Amino acid sequence: MTRIAALALAAATALTSPAVAQSLGGGRELSVDAGLGVKYSPEFMGSDNLDSSPWIILRNGDSDAGKAQGISILPSLNYLGKRDASDHPDLYGMDDIGYAGEFGVKLSWRMGDMTSYGAIRKGFGGHHGVVGELGAKYRYQVDDRLTLWTGAELGMGDQDFTGTYFGVGAGEERPGRAIHSPDGGAYIARLSVEARYEFMPDTAVMGRLTYGRLLGDAGDSPLVQTRSQPSISIGLARRLNFRF
């Protein structure tokens, strides 16, 4: 239950959209898709094995592309699960990493169906670094029931962040695992496709397919089994409407 609650915190990043800012500031209606699904993603950053975990769906459900145009400054939240070396034979001898929360701000600019954004957050718990993203999404309304989004994103982190998840310190080295002190910078590039199909009024099947590619010193880490970091998520969500 603790893990699920924390994942819900991560899913709250979906609320950091321009539509939310305009709704909160202008006495308008806010639509939120809330639900539950399953996510298959790497066991840890750099792993070549996928593992299942709950996917807590909580995202802006606004379907009117004419709303929330322009610039918005909003909170940005994220959550990273723990990494126990005992759960992964390839990490034998590495220090464990606890659950990490990230809090910061997100600047979004929306024009029509295109949204560009940048986010910066400070970590606590499992890591204390500074992380963020630069990206863009395009929304395509296929018909009254089906909505698609495509996106591209560059993830960045400082040396504290990359050192926590991709570094190998003194005492952690093993045959084939040398000491590694990665620099900060862009550590992953992602492409994504999302879909929402409303098969009943205010009830939808939602899915997301993401391909990530580890970059630079992060990708060169001896902990990385593959630079390719795919994930797939699917679930059911209910649209909830709020008026402010």
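Just so it is clear, the structure is predicted and the values come from calculations on it, not from any experiment. Any value given below was found using the heavy atoms of this structure, including those in side chains, with hydrogens, waters and symmetry copies removed. Residues: numbered from 1 along the sequence shown.
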**Q** Which pairs count as side-chain hydrogen bond (donor to acceptor under 3.5 Å, both in side chains) when at least one residue sits in residues 204-213, sequence neighbours excluded?
**A** Y211-S228, R213-S228

**Q** Which atoms form the tightest heavy-atom contact between A186 and M156, and what is the distance?
**A** CA-CG, 3.7 Å

**Q** Check which hydrophobic residues are tied to V105 through side-chain heavy-atom contacts below 4.5 Å, counting indirect links as well, and list them.
**A** I120, V130

**Q** Go through the structure and list residues passing salt bridge (charged side-chain N to carboxylate O under 4.0 Å, His left out) with D202, not counting sequence neighbours.
**A**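 Expected list: none.
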
**Q** Using the rule given for side-chain contact (heavy atoms from CB on, under 4.5 Å), can you reason through K82 versus D96, listing the C-alpha separation, both sets of side-chain angles and the distance that settles it, and then say yes or no?
**A** CA-CA 8 Å; K82 65 178 181 177; D96 294 337; over 6 Å; no

**Q** Does a side-chain heavy-atom distance below 4.5 Å link R196 with I57?
**A** no

**Q** Could you tell me which residues satisfy salt bridge (charged side-chain N to carboxylate O under 4.0 Å, His left out) with K122, sequence neighbours excluded, listed by chain and number?
**A**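 Counting only residues at least two positions away or on another chain, K122 forms no salt bridge (charged side-chain N to carboxylate O under 4.0 Å, His left out).
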
**Q** Look at the side-chain heavy atoms of Ile, Leu, Val, Met, Phe, Trp and Tyr, link any pair under 4.5 Å apart, and say whether I97 and V131 land in one connected group.
**A**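 Yes, I97 connects to V131 through the hydrophobic network.
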
**Q** For R227, give me all partners under salt bridge (charged side-chain N to carboxylate O under 4.0 Å, His left out), at least two apart in sequence or on another chain.
**A** D220

**Q** Give the other cluster members for I179, using side-chain heavy-atom distances under 4.5 Å between Ile, Leu, Val, Met, Phe, Trp and Tyr residues; answer none if it is isolated.
**A** none

**Q** With side chains defined as the heavy atoms from C-beta onward, is the minimum distance between D217 and T162 less than 4.5 Å?
**A**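 Answer no - side chains too far apart.
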
**Q** Hey, is CG on D143 packed in by over 12 heavy atoms from elsewhere, all under 6.0 Å?
**A** yes

**Q** Treating Ile, Leu, Val, Met, Phe, Trp and Tyr as nodes and any side-chain heavy-atom pair under 4.5 angstrom as an edge, say whether L80 and I188 lie in one connected cluster.
**A** yes

**Q** Measure the spacing between NZ of K106 and CD1 of I73 and express it to the nearest 0.5 Å.
**A**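 Interatomic distance, K106 NZ to I73 CD1, rounded to 0.5 Å: 13.0 Å.
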
**Q** Distance from S231 atom OG to D51 atom CG, nearest 0.5 Å?
**A**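 Going from OG on S231 over to CG on D51, the span is 12.5 Å.
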
**Q** On a heavy-atom basis, which atom in S76 and which in A119 lie closest, and how many Å separate them?
**A** OG-CB, 3.8 Å

**Q** Of all the heavy-atom pairs spanning A152 and L191, show the shortest one and how long it is.
**A** CB-CD2, 3.8 Å

**Q** My understanding is that a hydrophobic cluster links ILVMFWY residues whose side chain heavy atoms are under 4.5 Å apart, including indirect links. Using that, what else belongs to the cluster containing L50?
**A** none

**Q** Got a sec, which pairs hit side-chain hydrogen bond (donor to acceptor under 3.5 Å, both in side chains) with one end in residues 168-192, sequence neighbours left out?
**A**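 For residues 168-192, and leaving out neighbouring residues, the side-chain hydrogen bond (donor to acceptor under 3.5 Å, both in side chains) pairs sorted by first residue read E153-R190.
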
**Q** For K39, give me all partners under side-chain hydrogen bond (donor to acceptor under 3.5 Å, both in side chains), at least two apart in sequence or on another chain.
**A** none

**Q** Measure across V224 and A218 and return the closest heavy-atom pair with its distance rounded to 0.1 Å.
**A** CG2-O, 3.2 Å

**Q** Tell me if a side-chain donor or acceptor on D158 pairs with a main-chain N or O of D160 at a distance below 3.5 Å.
**A** yes

**Q** With the 4.5 Å side-chain cut-off for hydrophobic clustering, are L223 and F166 part of the same group?
**A** no

**Q** Running the 4.5 Å side-chain criterion over Ile, Leu, Val, Met, Phe, Trp and Tyr, what cluster does L209 land in, apart from itself?
**A**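 When side chains under 4.5 Å apart are linked, the cluster holding L209 also contains V38, Y40, M114, Y138, Y140, V142, L146, L148, Y197, F199, M200, V205, I232, I234, L236.
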
**Q** Restricting to side-chain hydrogen bond (donor to acceptor under 3.5 Å, both in side chains), what partner residues turn up for D90, sequence neighbours left out?
**A** Q225

**Q** In this structure, would F161 and M94 fall into the same cluster of hydrophobic residues linked by side-chain contacts under 4.5 Å?
**A**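 Looking at the clustering, M94 is in a separate group from F161.
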
**Q** Suppose we screen for ring-ring contact (aromatic ring centres under 6.0 Å, His included). Which residues come up paired with F44, at least two apart in sequence or across chains?
**A**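 Testing F44 for ring-ring contact (aromatic ring centres under 6.0 Å, His included), a comparison that skips the adjacent residues, returns H88.
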
**Q** Decide whether V168 and L91 are clustered together by the hydrophobic rule: side chain heavy atoms of Ile, Leu, Val, Met, Phe, Trp, Tyr closer than 4.5 Å, transitively.
**A**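 V168 and L91: one cluster.
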
**Q** For T150 versus V193, what's the shortest heavy-atom pair and its separation?
**A**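 Smallest interatomic distance, heavy atoms only, reads CG2-CG2, 4.4 Å.
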
**Q** Less than 4.5 Å apart, any side-chain heavy atom of Q229 and any of L214?
**A**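 Q229 reaches L214 side chain to side chain.
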
**Q** Out of curiosity, Y99 OH to R83 CZ, how far, rounded to the nearest 0.5 Å?
**A**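 With rounding to 0.5 Å, OH (Y99) is 14.5 Å from CZ (R83).
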
**Q** Can you see which heavy atom on P182 is nearest to which on G167, and at what distance?
**A** CD-CA, 3.7 Å

**Q** Does this structure show an ion pair linking R121 with E133, if we count only N-O contacts that are shorter than 4.0 Å?
**A**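 So R121 pairs with E133 through a salt bridge.
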
